[in-house]
Structure formats: structure tokens, C-alpha cells
Asker: 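Please read through the structure below; I'll follow up with questions.
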There are 2 protein chains.
Amino acid sequence: MDTPRVESSLVSVDVLALRFDPDARVVLLGIATRAHDPFAGARALPGVLLGRGERLRDAAVRAVTGKLGVAGDAVTAVGQLITFDEPSRDPRGPTLSVALWATVASGRHEGPRWVPLDQVPPLAFDHSRIVADCRPLLRDRLWRDPAFTAGLLGPEFTTAQALDVTEALTGDRPYPANLGRTMDRVPGLKRTARHAAALPKGGRPPLVWRWDPTP
Amino acid sequence: MDTPRVESSLVSVDVLALRFDPDARVVLLGIATRAHDPFAGARALPGVLLGRGERLRDAAVRAVTGKLGVAGDAVTAVGQLITFDEPSRDPRGPTLSVALWATVASGRHEGPRWVPLDQVPPLAFDHSRIVADCRPLLRDRLWRDPAFTAGLLGPEFTTAQALDVTEALTGDRPYPANLGRTMDRVPGLKRTARHAAALPKGGRPPLVWRWDPTP
DNA sequence: ACAAAAGTGTTGTCCTTACACCCATGT
DNA sequence: ACATGGGTGTAAGGACAACACTTTTGT
């Protein structure tokens, strides 16, 4: 039989944790400062070694809570991206890295641990490459993957916030009218009759959108 | 520091090996018969344990050559699909499974090891679920991922073959005219002036398409 | 009144699907 | 001749982008 001699690579889970800050109107990426030996003091994606028998999503939550100080129930959704397998990506030895995304509820988590998506500093290991490779996948998920979108924007949000998030992920700001029609075609997403307060600088009060209780 | 105590799950690589048979006009999935203990004698996807420091694509080639008897240079392309992490998916203990696709050049590989994509028998482990989950991803790759498409169809192919492959992967056969326009928009794919022989039953000789030497 | 920003309606451009018709081959 | 099946042209529908114009707020 296949001798189960343990000569596999180790498996780590590295998380692209995204959070929308409605005040600053930007999407932030969670960045951890490494406490230990390889690249100690440098910035990196929050990551953990996958425990034996541990689910990937559980490891991702463990990374985000442990390395970013986020409450466990603030992690609203998790999903897979790509697996990176360059054997030399970790100086300690060959380590597989499963990249996951996680969305974190907007709330008070101040500190230097979150940086705008388009101002990510150089990161340890191959994490800069991971971010670069995964960014287009995140963009494609917006408005197509309801779990991702709802996780990022919350159960209720305004058109203005939807515009901000779309701009942060795609790089340019859509016309409000066109984004509204896009959202009309997202299953489970409905316009409400309510309007939110206008922005500090004025302008028309934006519509409030809501996810359907469930079909 | 993070003690590198090896308590990770093992990592296996399971391959959805695809081959186009131009004579039978179907796309085949490579199926292995298990020689060893768990599920011995049952059918399963070709898979191997990932070696320490081994690249995923190398492991995939090893699985296809070792378990399906395919020559190494007949593997024309390899790519990632999804990683499966149910801890109980392997009775020997928690094992991560990275699902990969691989395309195999059309040639003489007779035997019961290849089955049409829509006649896949029940498989060992969670491999039936893997096939079911990955099938839509394979469909999306056709005509979008040039490596996948070229790997499956080869450097030169006819419209008739393109129709067969598309039907096998998507479930219905497009109109030849529409598929031609789709292929016109695939970067690197060009119509040639040549026509191939008509089918045995007659009909107009189909156009020959070719991939660009490279840009 | 003015600026700012969301909402409405309209238009044009793709891409996709569909189908009527023509063309080249085998029997 | 006729069936088979690819190739050509054309047209309807939806998705998407762009923009003129209107509405509702803050200053």
C-alpha cells in the first residue's frame, strides 16, 4: 500500500482579509507584523500553519483573529483563491500556501494593521506576489459571488458605499445609474424604500439596498 | 518561533486528466483502478501524495504517468482547480486534496482507463464530488484559457473537432457559425486556408485552425 | 443660489443566440 | 438526387458603457 511516510510539504494558509471602512470610504487589507524568526518585524499576510485535520476556513479564521485581533464572529465569509507551491517560498523549507480571502465586518478596529488595497507595502515571503495574483480574482467576485459581496458590504448598504467598494476593487468608479442596474441583476439583492443620510458635503441621499431574507 | 512540528494534514494531488478522442469524437476522463488498500480495486481519479518540495504540476504529471500509463511528454498542460479539505475524505486520516486538471495529447491509449466525461462511474473517496464540483470550472476554461484549450485540441484542429469538444464540455452543441466567431476572438487562434477531409458520412470539409507560433 | 452627488432615461456598442440559406462532400 | 454537415449572412436580445438631464441634499 501507499506507505504514509510523512514527507509532504507543510501547508500554510495565508489570508487576504478585506474590510470596508465606510467613513474613510476605502477597502482595507489586513496586514500582520511578523513576531517570529523568518522576516521578524516585517509585514506579511496573516497566516497560520494548517493543523492536522483542520478545515481551511477554520485556519483562515484562526489567522485573522490571532494575527489581526479581529473577533471571530466579525469574519463574515471565507473562500478559496489559489495555492502557491514554489518550494523556496519559505526559507524554513518547502511549504505549500493556500491563499484564502476573508471578509471582516466594518467596525472599530483602528491601528496600522489595515492598509488601503492600492497602498499595500512590500510584504515578506512571496506575499506581494500572492496579493498581485489574487487581486483580479477578488475583483471578479464582486457582484458575482453573493457571499463575498454581502460579507464585504454587510446586510444593508447604500448605493454610495457600493460605488466606493467597486471603485476600490476594480480601479474605477462606475456611473451610479449603471451600478444600480448591475445590482438589480444580483440575485437576492433588493432596493428598499428607505434612503440614508446624504454625505457631509451634500448631495442626494443614496438608496438603501438589502439582501433578501432567503429564497 | 513557530515550532515546525509536523502536524499538518497530508497533501494529495488528484488529477482530472482529459483527452480528446477524435475518432470517437468524445472527451475522455482518465480513471485509475486502485491497487492498494483503501478502496482497492475501485475506480478513482489518478492521484499521488505530494512529495516534500514537489511542485503541484510535477505531482500531477507523476500521477498521470504512473496511474494511467501515459508518457510524460503526452501531458500537454496542467492547471489548478479547487482544494478539498474535508478531514474525513480519506479513511487513512486527514488529507488535503488539491484537484488539478491535465490535458493529454490525443493518441493511442486504448484500455478501460478512459471514460466519456458524461459517463463517469461512481468513484472512491470523495472523487465523484470532486468531479462534480470541478466540471463547471472545466467548462469555463474552454476557449478562455488558451493553455487548456490548446492542450486538449492540439496545435491544429478542425471546426468539427472544436464542435465535439465544446459539446462534451458544455452539454450542447453550438451552431458552427457561432463557434467560429467565438474562436475568432480567442487570442492566438487563427483560421488557416486548409480544409480537412470530410467526415465518413459526408458533409462539407471543415476548416483547419492553428495556434499562432507566438506573439 | 450654488455645488455635490444620486437617480432617470436614452443611446450605441458589444456579445450571445438563433435561424434561413448556401456550399462541398459521401452514398 | 439526396442526405450530411460545415460555412455565410442577418437579425433579435441582453449586458455594458457613456452621457444629458433631473432631483435632493449641504453650505
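Quick note on labels: first sequence line is chain A, next is B, and so on, each numbered from 1.
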Asker: Looking across every strand, which nucleic acid part, if any, lies under 4.0 Å from B:A197 by heavy atom: base, sugar-phosphate, or nothing?
Answerer: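 Nothing, no heavy atom under 4.0 Å.
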Asker: With a 4.0 Å cutoff (strictly under), does any side-chain N or O of B:Y175 reach OP1 or OP2 of C:dT17?
Answerer: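 No.
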Asker: Nearest 0.5 Å, please: how far is CZ in B:R129 from CD in B:E86?
Answerer: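 Separation between the atoms: 5.0 Å.
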Asker: Is any side-chain N or O of B:R185 closer than 4.0 Å to OP1 or OP2 of C:dT16?
Answerer: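 Yes, such a contact exists.
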Asker: Output, in order, the C-alpha distance, side-chain angles, deciding distance and verdict of side-chain contact (heavy atoms from CB on, under 4.5 Å) for B:I31 and B:W114.
Answerer: CA-CA 6 Å; B:I31 296 293; B:W114 295 87; over 6 Å; no
Asker: Under the side-chain contact (heavy atoms from CB on, under 4.5 Å) criterion, do B:T149 and B:R141 qualify, and how do the steps go?
Answerer: CA-CA 7 Å; B:T149 311; B:R141 266 192 172 71; over 6 Å; no
Asker: Could you check how far CD of B:Q161 sits from P of D:dG7, rounded to whole Å?
Answerer: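 So the CD-P distance, B:Q161 to D:dG7, works out to 12 Å.
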Asker: Only one of A:L81, A:T103, A:L137 passes side chain to side chain contact (heavy atoms under 4.5 Å, CB included) with A:L16; say which it is.
Answerer: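 Exactly one candidate clears the test, A:L81.
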Asker: Please compare A:P205 and A:N178 by the position of their nearest nucleotide in DNA chain C and report the one closer to 5'.
Answerer: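 On the 5' side of the pair lies A:P205.
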Asker: Does A:K201 put a side-chain nitrogen or oxygen below 4.0 Å from OP1 or OP2 of C:dA5?
Answerer: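 Answer is yes, contact under 4.0 Å.
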Asker: Classify A:P174 by what it touches in the nucleic acid, base, sugar-phosphate, or nothing, heavy-atom distance under 4.0 Å.
Answerer: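 Nothing: the residue A:P174, judged by heavy atoms under 4.0 Å, touches no strand.
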Asker: For a quick check of understanding: with a heavy-atom distance under 4.0 Å over all strands, which category does B:R181 fall into, base, sugar-phosphate or nothing?
Answerer: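 It contacts base atoms.
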Asker: Between D:dT23, D:dG9, D:dG7, which nucleotide gets closest to the side-chain atoms of B:R204?
Answerer: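 Of the options given, the side chain of B:R204 lies nearest D:dG7.
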